[in-house]
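Every chain is numbered from 1, with letters handed out A, B, ... down the list of sequences. The shown structure was predicted, so the numbers you read here are calculated from the model rather than taken from an experiment. Note: hydrogens, waters and symmetry copies are ignored here, and every other heavy atom, side chains too, is used.
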Amino acid sequence: MSETSEVRARFCPSPTGTPHVGLIRTALFNWAFARHNGGKLVFRIEDTDAARDSQESYDQLLDGLRWLGIDWDEGPEVGGEYGPYRQSERREIYADVAAKLLAAGELYEAFSTNEEVEARRKAAGQDPKLGYDNFDRDLTDAQRDAFRADGRAPVLRLKMPAEDLAWTDLVRGDISFPAGTIPDPVLVRNNGEPLYTLTNPVDDALMRITHVLRGEDLLPSTPRQLALYAALRRVGVAEFTPEFGHLPYVMGEGNKKLSKRDPSSNLFLYRDRGFIPEGLLNYLALLGWGIADDRDVFSVAELVEAFDVTTVSANPARFDVKKAEAINGTHVRALDAGDFVTRVIPYLSAGGVLPEQPDDAQLAKLAAIAPLVQERVTVLSESVDMLRFLFIDEAKFAPEEAAATKVLNADAEPVLRASITALEALESWETAAIEQALKDALVDGLGLKPRKAFAPVRVAITGRTVSPPLYESMELLGRETSLARLHRAVPGH
RNA sequence: GGCGCGUUCGUCCAGCAGGUACGGACACCGGAUUCUCACUCCGGAGGCACGGGUUCGAGUCCCGUACGCGCUGCCA
């Protein structure tokens with residue numbers, strides 16, 4: 001590419017299955033690369049495999065990207081001058097390009113079946129795993145006619161050059177494949193359908209893509225793409241060959257590439273658990289890249305500012321949920337209080353704690369306690385169990401069984417009775433007054449250690465052994481409800 | 001089998017042009033704070049896959065081995 005042309009990166013998934021985190025990491029790096037360089041991100045859908053592609057998957061792709069704020073300059077729903085951006089709508093283009101390449105002698109018709117290739121390999125004493133033997137390159141017209149007369153339809157293969165294919169990978173440096181190690185690839189099926197081997201480079205060329213950043217599984221396909229690009233340039237379809245960068249895998253537990261089937265790879269699992277885009281994006285960026293040697297929490301804006309694909313690591317990264325949660329928690333705590341409330345409401349609704357449209361009283365309570373919850377969760381959905389006690393119908397309230405068994409035993413009775421006595425005498429139902437009254441009654445009065453003293457009260461009030469701070473919780477719950485719960489918790493009642 | 005990529009604490013990222021004790025983060029362990037949990041703070045344990053070579057000196061360069069992964073499709 002020339003020095004003056006703008007950067008054009010692309011993200012081109014196949015709509016097969018639910019978007020997974022490795023795919024999103026690739027999208028993120030392409031996006032950050034484009035944004036950092038003031039270029040464009042092209043979003044293209046590679047739906048040439050009708051058997052596996054689905055509209056549902058397509059919708060999920062857009063949904064996931066939009067949720068995360070990864071936007072595109074050209075692609076589905078936004079258009080662009082090089083559209084259409086769904087390969088299923090570009091059939092004529094591929095047919096046209098294939099015809100050009102065939103006419104120019106870059107492609108040739110091949111009739112060999114796999115069985116025939118294998119037989120020839122064996123007959124020559126070669127390993128059949130070597131693949132196609134380029135046999136049909138030299139077919140005569142008469143031979144081709146004979147195959148056709150026999151009812152055979154040819155695939156179209158690309159003539160690979162007899163030279164080493166090398167490039168400087170943006171992530172891995174110089175890479176070279178020896179001449180003759182890559183058989184002529186099929187670009188068009190014998191039913192006329194174009195394959196990925198054709199459509200991907202053709203679209204990249206037509207869409208003027210300057211930088212191809214993709215998963216390392218595609219690295220071995222780069223030589224044949226380089227060869228196709230050279231052919232495309234010779235027939236005037238491509239003006240330049242893009243640069244390539246192969247991103248490391250995102251691995252799951254063990255040593256396996258995170259696959260679409262692995263439930264822990266599902267992007268929406270993280271959304272449902274209450275990862276926020278800031279946190280998930282930050283963590284994903286850490287998979288193969290770092291912003292500085294002593295820092296790993298950063299904003300999307302900082303990512304864009306600093307991103308450099310040549311500093312991406314070449315080795316596979318394992319997805320560590322614990323670290324992802326830690327990073328997410330940091331971003332959750334950094335939210336301003338109102339923003340946190342807005343974001344947590346859908347989770348509380350889904351968890352049955354609040355209606356989808358909370359009323360003013362509920363909103364006020366939530367706003368009051370939200371800061372105390374915000375600093376205690378790593379993912380938003382944790383708020384559900386933490387806040388249930390505050391919004392639940394009183395008739396349905398009951399301490400969790402395990403907590404009750406453990407804490408609301410005979411020893412708890414004097415504690416609860418003393419608490420009730422002290423609290424009933426309170427004039428002002430406020431955090432400070434509640435704290436003072438309980439401390440006087442339990443710590444000074446009964447001589448209990450604080451952590452011992454407050455456990456029964458906590459379980460009686462919140463139903464759990466772990467909760468937001470107790471006095472604040474009681475103030476928000478209200479005097480009447482709080483006292484009622486304490487009464488009910490007294491053993492024998 | 002062939003080709004390719006990779007290999008620094010359990011995990012992720014630093015350590016980019018070789019030079020005193022390999023740094024940070026998450027996780028883990030211990031402690032401080034504390035009404036629980038969390039946050040915060042302090043401390044700890046833990047690593048250059050192996051073998052050669054180059055060099056006064058190698059995690060850093062070269063070669064080999066091992067291991068892992070990928071590709072080797074009329075999937076993408």
Side-chain angles (χ1 to χ4, degrees), chain A residues 12-14 16 46-49 51-53 110 113-114 126-132 153-157 169 171-172 175-178 180-183 185-191 193-197 199-200 214-223 246 248-249 251 255-257 283 285-297 310-327 329-330 333 372-378 382 386 403 407 435 438-439 442-443 449-455 457-459 462 464-473:
Chain A
C12 49
S14 291
T16 59
E46 308 223 327
D47 52 351
T48 54
D49 185 356
R52 297 196 305 159
D53 301 325
T113 63
N114 291 337
Q126 297 168 333
D127 187 343
K129 291 193 170 180
L130 255 24
Y132 181 61
V155 298
L156 261 28
R157 289 186 185 265
D169 195 272
V171 174
R172 290 152 208 272
I175 295 178
S176 172
F177 284 71
T181 55
I182 301 159
V186 173
L187 302 197
V188 180
R189 280 179 164 148
N190 67 181
N191 64 3
E193 281 180 22
L195 292 168
Y196 163 84
T197 39
T199 62
N200 180 276
R214 39 143 64 155
E216 68 171 296
D217 50 332
L218 264 4
L219 190 149
S221 76
T222 305
H246 291 90
Y249 279 127
M251 314 289 277
N255 229 1
K256 299 178 302 201
K257 178 190 171 195
Y283 179 66
L286 253 18
L287 262 20
W289 186 76
I291 197 166
D293 60 4
D294 62 348
R295 185 160 84 105
D296 57 14
V297 174
T310 66
T311 65
V312 169
S313 163
N315 53 303
R318 247 157 290 274
F319 190 97
D320 180 351
V321 176
K322 282 278 180 50
K323 177 144 189 176
E325 288 172 350
I327 296 284
T330 304
R333 288 190 292 277
L372 302 175
V373 173
Q374 184 174 359
E375 66 180 50
R376 285 174 168 72
V377 299
T378 56
E382 288 174 54
M386 219 170 269
V407 176
E435 173 173 7
L438 286 177
K439 278 187 173 159
L442 306 181
V443 180
K449 289 230 192 295
R451 61 185 305 131
K452 271 279 184 196
F454 296 110
V457 181
R458 180 184 311 284
V459 173
T462 70
R464 309 176 76 220
T465 55
V466 173
S467 79
L470 184 57
Y471 322 123
E472 287 85 346
S473 297

What nucleic acid atoms does [X] come within less than 4.0 Å of, heavy atoms only: base, sugar-phosphate, or nothing?
X: A/Glu472; result: base
X: A/Asp217; result: sugar-phosphate
X: A/Arg214; result: nothing
X: A/Gly329; result: nothing
X: A/Leu438; result: nothing
X: A/Glu46; result: sugar-phosphate
X: A/Ala455; result: nothing
X: A/Ser176; result: sugar-phosphate
X: A/Ser313; result: sugar-phosphate
X: A/Thr378; result: nothing
X: A/Val155; result: base
X: A/Leu219; result: sugar-phosphate

For the pair made of [atom1] in [X] and [atom2] in [N], what is the distance, rounded to whole Å?
X: A/Arg464; N: B/rC37; atom1: CZ; atom2: C1'; result: 9 Å
X: A/Tyr132; N: B/rG2; atom1: OH; atom2: C1'; result: 19 Å
X: A/Tyr196; N: B/rC71; atom1: OH; atom2: P; result: 12 Å
X: A/Asp294; N: B/rC13; atom1: CG; atom2: P; result: 16 Å
X: A/Ile327; N: B/rC13; atom1: CD1; atom2: C1'; result: 11 Å
X: A/Ile175; N: B/rG6; atom1: CD1; atom2: P; result: 7 Å
X: A/Trp289; N: B/rA25; atom1: CH2; atom2: C1'; result: 15 Å
X: A/Lys129; N: B/rC71; atom1: NZ; atom2: P; result: 14 Å

Look at the side chain of [X] against the base of [N] and say whether a donor-acceptor pair falls under 3.5 Å; ignore hydrogens and angles.
X: A/Lys323; N: B/rA27; result: no
X: A/Arg318; N: B/rC12; result: no
X: A/Arg333; N: B/rU40; result: no
X: A/Arg458; N: B/rC35; result: yes

Of the listed nucleotides ([options]), which one gets closest to any side-chain atom of [X]?
X: A/Val466; options: B/rC13, B/rC3, B/rU36; answer: B/rU36
X: A/Asp320; options: B/rU11, B/rG4, B/rG1; answer: B/rU11
X: A/Asp293; options: B/rG23, B/rA38, B/rG1; answer: B/rG23
X: A/Ser14; options: B/rG6, B/rA76, B/rU36; answer: B/rA76
X: A/Lys439; options: B/rC35, B/rG70, B/rG1; answer: B/rC35
X: A/Phe454; options: B/rC35, B/rG70, B/rA38; answer: B/rC35
X: A/Arg451; options: B/rC37, B/rC3, B/rG70; answer: B/rC37
X: A/Asn315; options: B/rC35, B/rU8, B/rU11; answer: B/rU8
X: A/Asp296; options: B/rA25, B/rC35, B/rC74; answer: B/rA25
X: A/Tyr249; options: B/rG70, B/rC74, B/rC35; answer: B/rG70

Kindly indicate whether the side chain of [X], heavy atoms from C-beta on, has any atom under 4.5 Å from the side chain of [Y].
X: A/Glu193; Y: A/Thr48; value: no
X: A/Pro220; Y: A/His246; value: no
X: A/Arg458; Y: A/Leu470; value: yes

>> Just verifying a value: how many Å separate A/Leu286 CG and A/Asp296 CG, rounded to the nearest 0.5 Å?
In response: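 Between A/Leu286 CG and A/Asp296 CG, I get 5.0 Å after rounding to 0.5 Å.
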> Between A/Ala110 and A/Thr465, who's closer to the 5' end of RNA chain B by nearest nucleotide?
Replying inline: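 First, find each residue's nearest nucleotide; the 5'-ward one identifies A/Thr465.
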>> Both A/Leu286 and A/Pro469 contact RNA chain B. Taking the nearest nucleotide for each, which residue is further toward the 5' end?
In response: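 Closer to the 5' end of RNA chain B: A/Leu286.
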> When you measure from the side chain of A/Thr197 to the backbone N and O of A/Val186, does any donor-acceptor pair fall under 3.5 Å?
Replying inline: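 Such a contact is found between A/Thr197 side chain and A/Val186 backbone.
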> A/Arg157 side chain N/O closer than 4.0 Å to the phosphate oxygens (OP1, OP2) of B/rC74?
Replying inline: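 True: A/Arg157 side-chain N/O within range (under 4.0 Å) of B/rC74 OP1/OP2.
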> Does a nitrogen or oxygen in the side chain of A/Thr48 sit under 4.0 Å from OP1 or OP2 of B/rA76?
Replying inline: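 Answer is yes, contact under 4.0 Å.
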>> Let's go through A/Arg214 and A/Thr222 carefully: what are the C-alpha distance in whole Å and the side-chain angles of both, what is the deciding distance for side chain to side chain contact (heavy atoms under 4.5 Å, CB included) to 0.1 Å, and is it a yes or a no?
In response: CA-CA 11 Å; A/Arg214 39 143 64 155; A/Thr222 305; 3.1 Å; yes
> In which stems does RNA chain B show up, taking only runs of three or more Watson-Crick or G-U wobble pairs whose two distances fall under 3.5 Å?
Replying inline: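 Listed by first number, the stems are B:1-7 with B:66-72, B:10-13 with B:23-26, B:28-32 with B:40-44, B:49-53 with B:61-65.
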